[in-house]
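Throughout, a chain's letter reflects where its sequence line sits, starting with A, and its residues are numbered from 1.
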Number of protein chains: 2
Amino acid sequence: MTITIYDVAREANVSMATVSRVVNGNPNVKPATRKKVLDVIKRLQYRPNQVARGLASKKTTTVGVIIPDISNIFYAELARGIEDIATMYRYNIILSNSDQREDKELQLLETMFGKQVDGIVFMSEHVSVDLLNMMDRSPVPIVLAGTIDSSGNMPSVNIDYYQAAYDAVNRLLQNNNKRIAYVSGSLSTTINRAFKFTGYERALADAGLQLDNELVVESETTYDAGYTAFKTLNSIPNAPTAYFAGNDELAIGLIHGAQDAGLHVPNDIEVISFENSKLARMVRPELTSSVLPLYDIGAVSMRLLTKYMKKEKIEEKTVILPHRIEERNSVK
Amino acid sequence: MTITIYDVAREANVSMATVSRVVNGNPNVKPATRKKVLDVIKRLQYRPNQVARGLASKKTTTVGVIIPDISNIFYAELARGIEDIATMYRYNIILSNSDQREDKELQLLETMFGKQVDGIVFMSEHVSVDLLNMMDRSPVPIVLAGTIDSSGNMPSVNIDYYQAAYDAVNRLLQNNNKRIAYVSGSLSTTINRAFKFTGYERALADAGLQLDNELVVESETTYDAGYTAFKTLNSIPNAPTAYFAGNDELAIGLIHGAQDAGLHVPNDIEVISFENSKLARMVRPELTSSVLPLYDIGAVSMRLLTKYMKKEKIEEKTVILPHRIEERNSVK
DNA sequence: TTGAAAGCGCTAACAA
DNA sequence: TTGTTAGCGCTTTCAA
């Protein structure tokens, strides 16, 4: 029923091998033969079966992408960066959501292996030992995007979260804020605790300020969590005058919390965020934010993965992208 | 090197067929044999090769998803709905962005066919005749998600856009607004022109109001476009007192445009949106919005697709999901 | 420059 | 309940 390479070969009076050569752009085909084959392909509307090709060649030209949640703008940006570069290199993407659940991540890796993907881009806030072990035994290259592994052995693409957090807090310090809160996501992830929190702590210390645990709140990274966090923090004696938010949603929640309490941002309360998604410009005041270049992290991760898949030489298996602060109006 | 079904068969002293049976849960295997095989599988860490399975069975358990842009929260919600149901039915998703470009959509379909997906979920604001023809010749079922085809032959999942728009505009009419603007995305798409615009027009007519073309602006569906549209519309003589926005980003742009002009929403200007993404609660005032249940549309589309793929009986190939208005504070 | 033929790892009759 | 045996549609030596 479906027409195969064999049909083309027969119609063109050549062997399957020759058809295969022209389909794959192998130069060892006489131009006349090539034309003849191409004509038949067109006439018969032949479409190569990539599954058969995958079985024979052991390459599927598809890569697996495992991320926490595609409906989160944060990860969606990342995914777009990955997809764009994948397309550029003619790979397709199998996309899966892990919801950050380790069991799902483990199972998803298994599924990807079974599907014979040529490589995997993985993102998660925390990479467990089990996961690391499984990745170690992976039959295909894996690169971590915006994800830290404690072993330090995996290829990865990140920014310097510590320095970025340090710089962000420092920006608040410049305006003479003495009571700076940190509203973060889960503090049990490496990025949040070992890097961002440490950057916050260190910036404070360098300014001669002491860490006040009452000012750091661990929460979901949602708008509502930010809103609630503001209420809580603003009700303590000697409330904060500035906030360092773990991401944009949190920052917007904080700002609305402040405004609903009759406070002016940035005159009464200053807020700096850490993400700079397109949400950052969709609030009043617009968010001053440390930029986390998610799209780029995705794109560079995918580019790095292509190098591994093509067995090219890798200059740096751990790439650190630059960061900066985007100045807008939530900080004076 | 990699271990195959043949290795398992040899180690377990059974035939490949038997191993295949236990792997596929075929009941015609003696429990003792099953256990023996399972043990070997575990010991050898055998992992079935889905590509080989796909070639032999002509089923890949993967479906293609073609959407405009995953980094847009609008489509990301849809994608999540699709993915969740796909996972539930043990399918994987190959995700691709078309950027609404017809050439890319055509080519993506080709790619999906080549990859032998078992089915496709397709979303686009406009389905061209060429696309329709190609879908007609598709070797696998295709369902349109949040997408109208003029032929009416394709399976699809939508809401009643006409009625939803009518209801939204009517909500504005209830507050005695006489000058109601419509800020829409491209008016060359079926949904925007034939349904939403017509709903707007009709609601006006039913209220005895005449359509003023000056009040309908066609633009990108972005925050900036909304912001700009407000400026433009507010500067005409007899400016609008209410706005019907094509989506949430547009609505937020409109609101900020109004606020930056010193106007109060909803006292001076009322705005109703058409989407109700999570952005809707992240502005002040929060958006009153006609809800477009993207997640559900995705989920139901995928569910419908599974029925086609499994050749189950289809009750309704064209499903219309209910819509409603979520009341918040951008409308009095 | 071309063809023959042996797989790739699995499923699915069919037979036993 | 189990095994034998053709394929599935292609790539890839190897030889000509």
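DNA chain C is contacted by both B:S57 and A:S57; A:S57 maps to the nucleotide lying nearer its 5′ end (nearest heavy atom per residue). Of the two residues contacting DNA chain D, namely B:N13 and A:G54, the nearest-nucleotide position lying further toward the 5' end is that of B:N13.
Counting non-hydrogen atoms under 4.0 angstrom, B:V14 reaches the backbone sugars and phosphates but no base. If you check every strand for non-hydrogen atoms under 4.0 Å, A:S20 touches a base. Within 4.0 Å of A:N28, counting heavy atoms only, lies at least one base atom of the nucleic acid.
For B:K310 and B:D118, the salt-bridge test fails: no basic side-chain N is under 4.0 Å from an acidic carboxylate O. Of the charged side-chain nitrogens involved, at least one lies within less than 4.0 Å of a carboxylate oxygen, so that A:D99 and B:R80 count as a salt-bridged pair.
One cannot find a donor-acceptor pair under 3.5 Å joining the base of C:dG9 and the side-chain atoms of B:R47.
When the nucleotides C:dT2, D:dC10, D:dG3 are ranked by their closest atom to the side chain of A:V29, C:dT2 comes out on top. Closest contact between the side chain of B:A52 and the listed nucleotides D:dC8, C:dC8, C:dC10 involves C:dC10. Of the candidate nucleotides C:dA4, C:dT11, D:dG9, C:dA4 has the atom lying nearest to any side-chain atom of A:S15. Distances from the side chain of B:R21 to the nucleotides D:dT1, C:dC14, C:dG9 place C:dC14 closest. In this structure, of D:dT4, C:dC10, D:dG9, it is C:dC10 that holds the atom nearest to the side chain of B:M16. Minimum atom distance to the side chain of A:N24 is reached by D:dT11, of the listed D:dT12, C:dG9, D:dT11.
Between B:K58 and C:dC10 there is no side-chain N or O to OP1 or OP2 distance below 4.0 Å. Distances shown here put a side-chain N or O of A:T33 below 4.0 Å from the OP1 or OP2 atom of C:dT2. For B:Y46 and C:dC10, the shortest distance from a side-chain N or O to OP1 or OP2 is below 4.0 Å.
Taking atom CG on A:L55 and atom C1' on C:dC8, their separation rounds to 4 Å, with Å as the unit. Here the P atom of nucleotide C:dC10 and the CG atom of B:N26 are 17 Å apart, to the nearest Å. Atom NZ in B:K59 sits roughly 12 Å away from atom C1' in C:dT11 (whole-Å rounding). Between B:I5 atom CD1 and C:dG9 atom C1' there is a gap of 8 Å when expressed in whole angstrom units. In this structure, CZ of B:R10 is placed 17 Å from C1' of D:dG3, rounded to the nearest angstrom. Protein atom NZ of B:K36 is 10 Å distant from nucleotide atom C1' of D:dT2, rounded to whole Å. Straight-line distance from the CG atom of B:D7 to the P atom of C:dC8: 11 Å, rounded to whole Å. Atom OH in B:Y6 sits about 14 Å away from atom C1' in D:dT5, given to the nearest Å.
A donor and an acceptor atom, one from each side chain of A:T60 and A:Q116, are nowhere located under 3.5 Å apart. Defined by atom type and a distance below 3.5 Å, a donor-acceptor pair is present between the side-chain atoms of A:S71 and A:D69. Under the 3.5 Å distance criterion, with hydrogens and angles disregarded, a donor-acceptor pair is assigned to the side chains of A:T61 and B:K115.
For A:E312, the CD atom sits in a packed shell: over 12 heavy atoms of surrounding residues, nucleotides or ligands are nearer than 6.0 Å.
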